[in-house]
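So you know, we letter chains A, B, ... as the sequences are listed, proteins then strands, and number each from 1.
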Amino acid sequence: MMGKQSTLGKFWGKPAANGQTTKTDEVKKTHETEEVQGTGGSEVPSDTQNQPQDSAAPSSAIIQSNISETGKSDSEAKSIATKAESSRKKRRVVESDDEEEIPIDASRDIAMRSTSLDQEIEPLAETDGADDQEPPKKRVKTQVQADEKEPMRETAVEQIREKVEETAKAQIDQIKEAPESNPDAVSETATTSTRSAFQKAPIIDQKLASTKSSATNPFSLARAGTASIKTVSDKTRKQAAGAIKKGKSKGKLDPDDDNDENELPNDENYSPVDGSAAHASDDDDGKMRTKGSDSDEEEEEEEAVDDEEEEKSAKAAASKLAATLALSSSANSTGKSEWKKGDPVPYSALTDCFEQIDKTTKRTLISSYLTSFLLKVALNPGKDGGDLLRVVYLCINRLCPDYMGIELGIGESLIIKAIAQCTGRSVQQIKTDLRTVGDLGLVAEQSRGKQKTLFKSAPLTVPFVFKCLTDIAKASGNASQARKVGIIQKLLTPCTGSETKFIVRSLEGKLRIGLAEKTLVTALAHAIVLKEVGSKKLPEGKLADILAKGAEAVKAVYRQVQLSNIIHNRYSDSSLLKGGIEGLKEACKLTPGVPLKPMLAKPTKAIGEVLDRFEGKEFTCEYKYDGERAQIHMLEDGQIVVFSRNSENMSAKYPDLVESIPRCVDKSVKTFVIDTEAVAYDIQEKKLLPFQQLTTRKRKDVRTEDITVRVHIFAFDLLYLNGESLLQKELVERRRLLQESFHPVEGEFAFAESSDGSSSEQIAEFLDESIKDGCEGLMVKRLTSADSTYEPSRRSINWLKLKKDYLAGVGDSCDLVVVGGYYGKGKRTNTYGAFLLACYDADAEQFQTACKIGTGFSDQMLQDLYNLLSPLELASGKRSDIQADMSKPPDVWFEPKVVFEVLTADLTLSPIYMAAQGLVDERGISLRFPRFIRIREDKDADDATTSEQIAEFYEAQALASKGNRGGGGNDEY
DNA sequence: GTGCCGAAAAGTC
DNA sequence: GTCCGACCCATTCGG
DNA sequence: CCGAATGGGTCGGACGACTTTTCGGCAC
């Protein structure tokens, strides 16, 4: 133990010696006399890397194996699973006609009801209608896929174009009369061409290699590697198992033999799966880059260069993308992700794509993988044409646009329950696995993997999965949880291979593959462009150019309108892309009633940094109110709608605003969108109330009469006025219009306090003021120039926020004892992911929990902390001198010994933490936004911040804002 | 059935 | 909300 | 002059306190 201590000592930052001292230190000078005797450890953290891993004591060996050996958990799981297997009940789920339904219907209805967006959604409605009438096709087909009749295509480019061409053609006449039976000419070519392509993948490879210098350049680089850096966990292994039969959907399945046939050779070609990409070297990557840009230059003139250099860079990027795209498309087809024309997209096709994405961390690659998949879907979007939309939703874990507020109502516990039932294992077993594996999806997959499937159910399809998810979301009321679990089982049962994993992750709401909305938008944009380009022959530079432009256009639209709207409006109907990219711009404009992503601000560490950035430029400082972001819209009919920061419709929560806002608007104003902060307000005292007060407002079915917490609006931006979008205007202009169009109303509406001063002193002074007035700090914004436009989510961080606790040495910092630990998940698997901290009650000689902490650690630190703390785990559980709420105990208890220095923004009264309980309130005190700073090596557990100190901090904080807030801490609630 | 309580989920920061 | 890490892209530095 | 190093910006994913809402289970 000792040995370890000192070894580890080297890792930690220096003790307080020359670092800043904690607030605690100052308060408590008495203790301070002790010298920092640099355990040899107080050296430099820099040698951390070189530290031989085994240098720590014995336990670390265990840890080590734990960490590096994924196999371990694997085998564990295996044994458990085998046991469980016998008891497993087999459930055969026959896909019902449910599948025929178009799930989107539901959401559409809701949309119409809950917001006035009928217009927006119209296009979708149409198609739905059409499809609904379509008689359900029975798709029992002979589905021996003609495997390969096509001679090889010349190049990947050819291939893509061809695919585009024929399918596009086919699609049109096809949709309405869905080719019933066997692959007719149309559908066949579509499928086969790609399929054969994929089977020949290696050959293509060679060809490409030889033709690299040819005109097809950008595509030829296809083989850029996915030097997979990710954990070589079993997912790769499993991949092979993830075979799917396609081409059939309902009814009994045929022997899988034919599948296997397809499968094996493919795997053969593909087999060094992770290596598959491996022949692709970084070299290639490099070449690709340069070549791409070369060609670029050649192509220059063509387009009116509206945007200066940005344009160029975007192009370069796109050309690269174009290149990777080819790769992805050929690689993509390696998975068995083909499906027949008119058939619903197989879920496995999607998960294949996910797997591919999961293997890389490179965003461009991710994007191109996705692009080629989306393209495929776009060309063959299922029988109702809505699969693209569904796929997109599945990619970002949504069911519908945010503002419709459809939620799954499913969390970890329920999923665990479902998995347990589905695999016949106990909830406890699953939880145990979760600890070691760190991901429920993987746990589920492993659990499933052990089961023998006697029957094979029909494979999952995207529409079916989507339908299940919406069903889950819709379920409510009595026994709804059981129903949800039932649906989950229905989903899980037919899962093969990695499908399980992704189903579960979808339920959890986290795909965890490095793909999220932003990346998806670019991928979608590229897919759309490619589809438009279709069969047209273009010089490759041109293509890159178009790609870039398209992406830019779609992104621009995306900034104004939710992603889902884009698709809703344009891409869900069968005649995908009616209006094309250009039409898109027209169709998706900023409209009152449709929320846009609010602009965000970047944290700033010092006033100096603000000045650095805004040197010599005009800027303004505004109060940063401590409330809730509220984007308020007024529609043409005078209706007021309030959206939250995450585009949730909050109108129901703020009926008072709906009533009062019109009073603040000038007569001339017909429609608007303003960006504001809603702050709790004491109408009697005319003071702002703390955030905690605001959150106690009811959220649903709020009637104005029984509102207890009044709200004051502080407006700081105007995005739309009388039919015109102001996003592109400079902030000065927007602010001017804002002030012209609205007028403050005492106790209800005001403009955010602002100051245009630009010296360091002025800012500092204003910052102090803001805090005295009960705000969090300042927002600093450019006033003029192109950098002052309102750009939702682009340079998403064009505003700066300046909070007192960011400023070095200003914020409250405490030294707290680590008393408990929580196992980490995801990338924190195999270390603790968070810790339970306590302060010290000197009188009672007890430790009182104060907060958990899970941020501020580097990966290395987390690792080191595991090594340091795991020996302190108490087998016997909580020590009796630790006061803690036991309803949700940590995974492990520690002997109180290690002290963390922790920074916090605020202190809050807590329902569950014990710190300083009884000193200022019945409740204990906790920390808002706690983050780890360093280990206090120089402190022992009983040198930690004491309860009294915590209480003092709290009082001081209440005092500091007394000027404008309800008095002290006691009478607030 | 009703009312109460606790756990889970979702959403704010 | 905070924070870290990987990637992308542009710029600068050094041979 | 070109490749390597550097640095800022983005994006994704770990994790925090606290509140209301919803649902299941239990006692009555």
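In this structure A:R363 satisfies the salt bridge (charged side-chain N to carboxylate O under 4.0 Å, His left out) test with no other residue, sequence neighbours excluded. Listed by chain and residue number, A:L414 satisfy the side chain to side chain contact (heavy atoms under 4.5 Å, CB included) test with A:Q481 (two or more places apart in sequence, or in another chain). Residues satisfying the salt bridge (charged side-chain N to carboxylate O under 4.0 Å, His left out) criterion with A:D706, sequence neighbours excluded, are A:R703. The ring-ring contact (aromatic ring centres under 6.0 Å, His included) check on A:F835 picks up A:Y832, A:F857, A:F900, with sequence neighbours excluded. By the side chain to side chain contact (heavy atoms under 4.5 Å, CB included) test, A:T676 is found to be paired with A:A630, A:I632, A:I674, A:I713, A:A715, residues two or more places apart in sequence or in another chain being considered. In terms of the salt bridge (charged side-chain N to carboxylate O under 4.0 Å, His left out) criterion, A:K852 has no residue partners (sequence neighbours excluded). A:R928 is linked by a salt bridge (charged side-chain N to carboxylate O under 4.0 Å, His left out) to A:D626, A:D906, counting only residues two or more places apart in sequence or in another chain.
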Which atom pairs link the protein and nucleotides 22-27 of chain D when you take only N or O atoms and keep those under 3.5 Å?
residue: D:dT22; atom: OP1; partner: A:K700; partner atom: NZ; Å: 3.3
residue: D:dC23; atom: OP1; partner: A:G477; partner atom: N; Å: 2.7
residue: D:dG24; atom: OP1; partner: A:A479; partner atom: N; Å: 3.0
residue: D:dG24; atom: OP1; partner: A:S480; partner atom: N; Å: 2.9
residue: D:dG24; atom: OP1; partner: A:Q481; partner atom: N; Å: 3.0
residue: D:dG24; atom: OP2; partner: A:N478; partner atom: OD1; Å: 3.4
residue: D:dG24; atom: OP2; partner: A:A479; partner atom: N; Å: 3.0

Scan nucleotides 10-13 of chain B against the protein and return all N/O pairs shorter than 3.5 Å with their distances rounded to 0.1 Å.
residue: B:dA10; atom: OP1; partner: A:G409; partner atom: N; Å: 2.5
residue: B:dA10; atom: OP1; partner: A:I410; partner atom: N; Å: 3.1
residue: B:dA10; atom: OP2; partner: A:I410; partner atom: O; Å: 3.1
residue: B:dG11; atom: OP1; partner: A:E407; partner atom: OE2; Å: 2.7
residue: B:dG11; atom: OP1; partner: A:E648; partner atom: OE2; Å: 3.3
residue: B:dT12; atom: OP1; partner: A:S644; partner atom: OG; Å: 2.3
residue: B:dT12; atom: OP2; partner: A:N646; partner atom: ND2; Å: 2.6
residue: B:dC13; atom: OP1; partner: A:R629; partner atom: N; Å: 2.8

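Annotation: salt bridge (Lys or Arg N to Asp or Glu O under 4.0 Å) contacts involving residues 818-838 of chain A, sequence neighbours excluded, comprise A:E412-A:K825. Sequence neighbours left out, the pairs with a member in residues 647-656 of chain A that pass salt bridge (Lys or Arg N to Asp or Glu O under 4.0 Å) are A:E628-A:K653, A:D656-A:R697.
Axis angle, first five pairs versus last five pairs of the helix from B:dG1-D:dC28 to B:dC13-D:dG16: 10°, rounded to 10°.
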